[in-house]
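These numbers were taken from a predicted model, which means no experiment stands behind them. Lettering of chains follows the sequences in order, A, B, ..., and the numbering in each one begins at 1.
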Amino acid sequence: MQYNFNEIEAKWQKYWSENQTFKAENQSDKPKYYVLDMFPYPSGAGLHVGHPLGYIASDIYARFKRHKGFNVLHPQGYDSFGLPAEQYAIQTGQHPAVTTEENIKTYRRQLDQIGFSFDWSREVRTSDPNYYKWTQWIFIQLFESWYNNDTNKAEAIETLISKFASEGNAHVNAVCDEDVAVFSAETWNNFSSKKQQEILLQYRLTYLAETEVNWCPALGTVLANDEIVNGVSERGGHPVIRKKMTQWSMRISAYAERLLQGLDTIDWTDSLKESQRNWIGKSIGASVSFSVNNHDEIIEVFTTRPDTIFGVSFMTLAPEHELVSQITTEEQKAEVEAYIEKTAKRSERDRMADVKTISGVFTGAYAEHPFSKEPIPIWIGDYVLAGYGTGAVMSVPCGDQRDYAFAKHFNIPIPNIFEGVDISEEAFSDKDKTVIANSDFLNGLPYKKAMKRAIFELEKIGQGEGKTNYRLRDAVFSRQRYWGEPFPVYYVNGMPQMIDKAHLPIRLPDVEKYLPTETGEPPLGRADVWAWDVKQCSVVSNELIDNETVFPLELNTMPGWAGSSWYFFRYMDAHNDLDFASEDALKYWENVDLYIGGSEHATGHLLYARFWVKFMKDRGFVGVEEPFKKLINQGMILGTSAFVNQLNYVFRYKNEADLIEDTPTASIYFKHVYISNSLVNDNSKVEELLFELINKDSEYKVLKDYIDSGKFEQKPELFFYDKHVDVSFVNSSDELNIESFKNWREEFNNVEFITEEDGTFKVKREVEKMSKSKYNVVNPDSICEDYGADSLRLYEMFLGPLEQYKPWNTAGITGVHGFLKKLWKLYVDDNGIKVTNSEPSKDSLKTLHKTIKKVEEDIENFSFNTSVSTFMIAVNELTAEKCTSREILEPLVILMSPYAPHISEELWHQLGHEESISTVAFPKFDERHLVESSKNYPISFNGKMRFTLELPMDMSKDDIEKAVMAHEKTQAQLEGRTPKKVIVVPGKIVNIVG
RNA sequence: GCUCAAGUGGCGGAAUUGGUAGACGCGCUGGAUUCAAAAUCCAGUUCUUUCGGGAGUGUGGGUUCGAUUCCCACCUUGAGUACCA
């Protein structure tokens, strides 16, 4: 019987699906284990071989845990809201729901053929109204909550309202907007309802605010900072400008400290935790208020070095700082305005690229030093960022290199306040070695003490206090898109109102076009039926808006991370209509034990999900503080792109007089000539071939004309332009199939090739991200067809460590495929199964138990690549031993089943079992089988002598000493010296000392 | 600049409480089988050599009887982040 993988795989995939083999129950006697993949966005291009890497890893782990007796939840779903479907809809007019549905079908088919053990009965889709109903519900809960700093958790907004009604807001310690006015209980109660709502909005965990956003005119939407790369949009590369808009925001800053602390409780990689820590950006210091001379204004700054307060010799404000216009003197006005205008023109990019240039302007105003009362000149400079801290700094040139450079540049004095430190060349910022001098009450104090004292004194005079600052800022939650969750919000007198839970979901309305409206409103502005009738409690036509019972609905939609911030809870109870998940299900599954996905979500999804979970915990909706206990980042599988070298000749003009518009060169660009990669370095040969071509073909006469004109240097310079070629036209020796390439597209029909002498044409190779546009995509479908899903699974694991980035190379798959054939032959021959009940040999028992031990360790450590090698060795050894013993071969096939489930399941049934292999217990490792009879002990003697001595394995320490001593005695006799003393060191080594 | 990760044959990569470096696979070489090819099987494959051996895990030091593994400095590559006061 042959190893017919296609037949076997189809058979068992059908079996698993029909028998619901991997359906997880919400209660069980077994311990629970939750293995989750980051769910995919179903793109139109389908899966390539890079996508399943993480899924294969998590599937191996999930299957392993089932063998180990766990009740495993291993679900999958789709993050199906997103920009690509919308872009496609804009171009084609197709409803995103339709294309999304099609893409999901492709994904499902491709996932199924790889044989994952997903429980598809729990599938979720973020764009499904039954799912986003609960996304909307969570949004409402955020709206109905505020963050109480006293209890350090989120509370229902009603508790805040009753506090306001009974005592005002003076003693309320909440995370809120900075500009909240103080009011008494009486004033509160006399406020109009609208005024009350306005104030409450300043406290809610999601709130409307006028925010400066990154507006991308081409996409008609707002982008998050992490969606902008180098000043242009990540998708499409369109320019991005700053614009003010009223947007929903999430008060994630309330959770900054808990998000930071929580990192210590979870098992994530250090690098990932580090990037979250950096993103949160905690710094401890003080805020200090400086009064401005001759003005009422106060400038507040944040500093991490209050101990250097006596070193302040100037202040710097960001050019965008709101006080700049008020404090600037008449004389300086023109200069300051010119500077502000100049910096506003510079793009973020320019400002970043040009860190070294120092620029700034004096405002003419002076602030007063809180202690010395000396006047301090106030400058503006673009090295101070409006977005961080208060947008103003107290500049201490002796202690901060940027302040130092600024002071040097503008000849501002640099007072030294450090004991025994030379600051003539650069600033001194080593906190540990700091001793303060020339600083009144801080003299002689080291950094930490000086800092405490400074804060104490500042508080005493009411001009400052200790403060912790976070870089993490509130997250904008509105998107001007169509294909996202609609907000369950309507507006009465401009104030947002939440729609009651009973009427959710608020479904996406139909629109004619998916573009923003002509007036710049989001696409939902095009909807005709998009108003809320508070009497009927339903969405009605816009025409009925009457300011009494029918009101306009929110036009924005939620961002991509809304649906992905809580989906792991929905899998626990995916079909619940009454709740996002039942209490029992939440209590049983708790949180994700193992989460596998890419590291690109380090500061996006992974931070937002943690934020939402903490909020849901505070409000009692869930019982866990962190969503993902353990997290593994799988690396990416890269593609090996192929390029043809397109010729490009550049001619340099001889005489300046001939230059056209100062361009020193003229170039000819040979669209139709490609040159084999191994020839590109041989210029003389290229020229020879090319000139041959010129004489032959009139199309290249222009080159001849150039040369004959005499205006140019004799020798043109040669450049090559790389052009992507579909990798399917290239064989493993980098040779291009010229015919296929010519037929690929019309423009290539008549191209010329400069080939090797043997007529072959070599392409250039480069490793890049796998992508449709780079024509380097390898499709898993064809791999499954040619080698089978088990081969694909094993090979993806075998490629290298899970976390690493590695290029795909289809050639290598023959190795693991050959191994599977060997495995098959070990069990089955032409007459069917050949496994017998014969007694296993010692050697085969040893092979088996060695394999059990290694594979179990590997899975626990996620070193799946070395397991595959271990299997190969085991099968080679058992084949060599002609092992047919059931006692060996049955456990072996269980070991294999997480990695290669189809072949294992088939062999398991051939061995006469009825039940699925996935329910069988993992083989137990027995150390006794590994015990060797003897072992080579390395013996060393003061580094001068070294030999090995073969001794029985089960010898005691004393016996080893005796044996080595005996050996040493004979050795010493032979060499005519006195024997040395022998000491056995715990471990593998024996030392002999003099 | 800072933070993190990593440098081992032609290639992907094994090997750490410090103990025979290069497992396993690809590729390559030779052989068997075949009319031939594919497939399969067997042997070899770090470099070097006067066939005794010698060198060898990015570079230079150090600790150790012994270092791919630990320490110091440097170089290179990748990732993240960026004027964070």
Practice item. Quickly work out the A:Asn876 CG to B:G25 P distance and round it to whole Å. Key: 6 Å
Review point. For the side chain of A:Leu385, counting heavy atoms from C-beta on, which of B:A85, B:A39, B:C41 is nearest?
Key: B:A85
Review point. With a cut-off of under 6.0 Å to the ring centre and 45° to the axis, is A:Arg610 in cation-pi contact with A:Trp268?
Key: yes
Review point. How close or far is atom C1' of B:A79 from atom CG of A:Asn278, stated in whole angstroms?
Key: 13 Å
Check your understanding: With both distances under 3.5 angstrom, what nucleotide forms a Watson-Crick or G-U wobble pair with B:C28?
Key -> B:G44
Exercise for review: Could you check which of B:U40, B:A85, B:C83 has an atom nearest any side-chain atom of A:Asp382?
Suggested key: B:C83
Point to revise | Integer-rounded Å distance: B:A85 C1' and A:Phe314 CZ | key: 11 Å
**Study point:** B:A37 to B:A43 separation - P atoms, rounded to the nearest Å
**Key:** 22 Å
Exercise for review: Measure from the side-chain N and O atoms of A:Lys806 to the backbone N and O of A:Pro801, and report whether any donor-acceptor pair falls under 3.5 Å.
Suggested key: yes
Study note, to complete from the structure: Rounded to whole Å, the OH-C1' distance (A:Tyr3 to B:A39) equals 16 Å
Review point. For RNA chain B, whose closest nucleotide is more 5', that of A:Met394 or that of A:Tyr795?
Key: A:Tyr795
Exercise for review: Tell me whether B:G52 sits syn or anti, counting syn as a glycosidic angle within 90° of 0.
Suggested key: syn
Check your understanding: So which nucleotide does B:U17 pair with, by the Watson-Crick or G-U wobble rule with both distances under 3.5 Å?
Key -> none
Practice item. State whether A:Ser275 places a side-chain N or O below 4.0 Å from either non-bridging phosphate oxygen (OP1 or OP2) of B:U81. Key: no
Review point. B:A85 C1' sits how many Å from A:Phe290 CZ, rounded?
Key: 12 Å
Point to revise | Rounded P spacing from B:G25 to B:A15 in Å | key: 16 Å
**Study point:** Working for ring-ring contact (aromatic ring centres under 6.0 Å, His included), residues A:Tyr787 and A:Phe5
**Key:** CA-CA 8 Å; A:Tyr787 302 98; A:Phe5 48 88; 7.7 Å; no
Revision key, fill the gap. Re B:A38: Watson-Crick or G-U wobble partner, both distances kept under 3.5 Å, found to be none
Collect all protein-nucleotide pairs involving nucleotides 7-14 of chain B in which both atoms are nitrogen or oxygen and the distance is under 3.5 Å.
| residue | atom | partner | partner atom | Å |
| --- | --- | --- | --- | --- |
| B:G12 | O2' | A:Leu799 | O | 2.6 |
| B:G13 | OP1 | A:Gln804 | OE1 | 2.9 |
| B:A14 | OP1 | A:Asn865 | ND2 | 3.2 |

Practice item. Using the P atom as the reference point in each nucleotide, state the distance between B:C71 and B:G1 in Å, no decimals. Key: 23 Å
Review point. Does any nucleotide pair with B:C74 by Watson-Crick or G-U wobble geometry, both distances under 3.5 Å, and what is it?
Key: B:G58
Review point. When rounded to the nearest 0.5 angstrom, what distance separates CG in A:Leu638 from CD in A:Gln804?
Key: 10.5 Å
Point to revise | Separation of the C1' atoms in B:U63 and B:C72, to the nearest angstrom | key: 11 Å
Check your understanding: Say you pick atom P in B:U29 and the same atom in B:A38; how far apart are they, in whole Å?
Key -> 12 Å
Check your understanding: Taking CD from A:Gln276 and C1' from B:U3, how many angstroms apart are they, rounded to a whole number?
Key -> 15 Å
Study note, to complete from the structure: Sorted by number, residues from residues 396-409 of chain A placing a heavy atom under 4.0 Å from RNA chain B are A:Arg402
Exercise for review: Determine whether A:Ile637 and A:Tyr805 make a side-chain contact, defined as any pair of heavy atoms from C-beta on separated by less than 4.5 Å.
Suggested key: no
Practice item. Sort out the partner of B:U64 for me: Watson-Crick or G-U wobble, both distances under 3.5 Å, none otherwise. Key: none
Point to revise | B:U46 to B:C11 separation - C1' atoms, rounded to the nearest Å | key: 13 Å
Review point. Which value, in whole Å, describes the distance between the C1' atoms of nucleotides B:A6 and B:U68?
Key: 13 Å
**Study point:** Residue of the set A:Lys846, A:Lys850, A:Lys822 for which salt bridge (Lys or Arg N to Asp or Glu O under 4.0 Å) holds with A:Glu877
**Key:** A:Lys850
Check your understanding: So which nucleotide from B:U40, B:C83, B:C26 ends up closest to the side chain of A:Ala811?
Key -> B:C26
Point to revise | is_close_aromatic(A:Phe819, A:Trp824), centroid dist under 6.0 Å | key: no
Review point. Hey, do the aromatic rings of A:Phe314 and A:Phe406 have their centres closer than 6.0 Å?
Key: yes
**Study point:** Salt bridge A:Lys825-A:Asp829, side-chain N to carboxylate O under 4.0 Å
**Key:** no
Study note, to complete from the structure: 5'-most contact on RNA chain B (nearest-nucleotide basis), A:Lys821 vs A:Ser283, goes to A:Lys821
Review point. Under 4.0 Å between a side-chain N or O of A:Tyr388 and OP1 or OP2 of B:C83?
Key: no
Review point. A:Val393 side chain: which of B:A85, B:G25, B:U40 is closest?
Key: B:A85
Check your understanding: What is the distance from CD1 of A:Ile358 to P of B:C83, rounded to the nearest Å?
Key -> 16 Å
Review point. Can you tell me if A:Asp403 and A:Tyr383 form a side-chain donor-acceptor pair at under 3.5 Å?
Key: yes
Check your understanding: Passes ring-ring contact (aromatic ring centres under 6.0 Å, His included), A:Trp279 versus A:Tyr470? Steps please.
Key -> CA-CA 9 Å; A:Trp279 194 259; A:Tyr470 298 92; over 10 Å; no
Point to revise | In B:G10, glycosidic geometry as syn within 90° of 0 or anti otherwise | key: anti
Exercise for review: Please report, rounded to the nearest Å, how far the P atom of B:A39 is from the CZ atom of A:Phe5.
Suggested key: 14 Å
Donor-acceptor pairs under 3.5 angstrom involving side-chain atoms of residues 283-290 of chain A: please list them, not counting sequence neighbours.
| residue | atom | partner | partner atom | Å |
| --- | --- | --- | --- | --- |
| A:Ser283 | OG | A:Tyr388 | OH | 3.0 |

Study note, to complete from the structure: B:A82 -> Watson-Crick or G-U wobble partner, both distances under 3.5 Å, gives none
Review point. With sugar-phosphate meaning primed atoms plus P, OP1 and OP2, does A:Lys282 contact a base, only sugar-phosphate, or nothing at under 4.0 Å between heavy atoms?
Key: nothing
Practice item. Rounded to whole angstrom, note down the C1' distance from B:G7 over to B:U69. Key: 14 Å
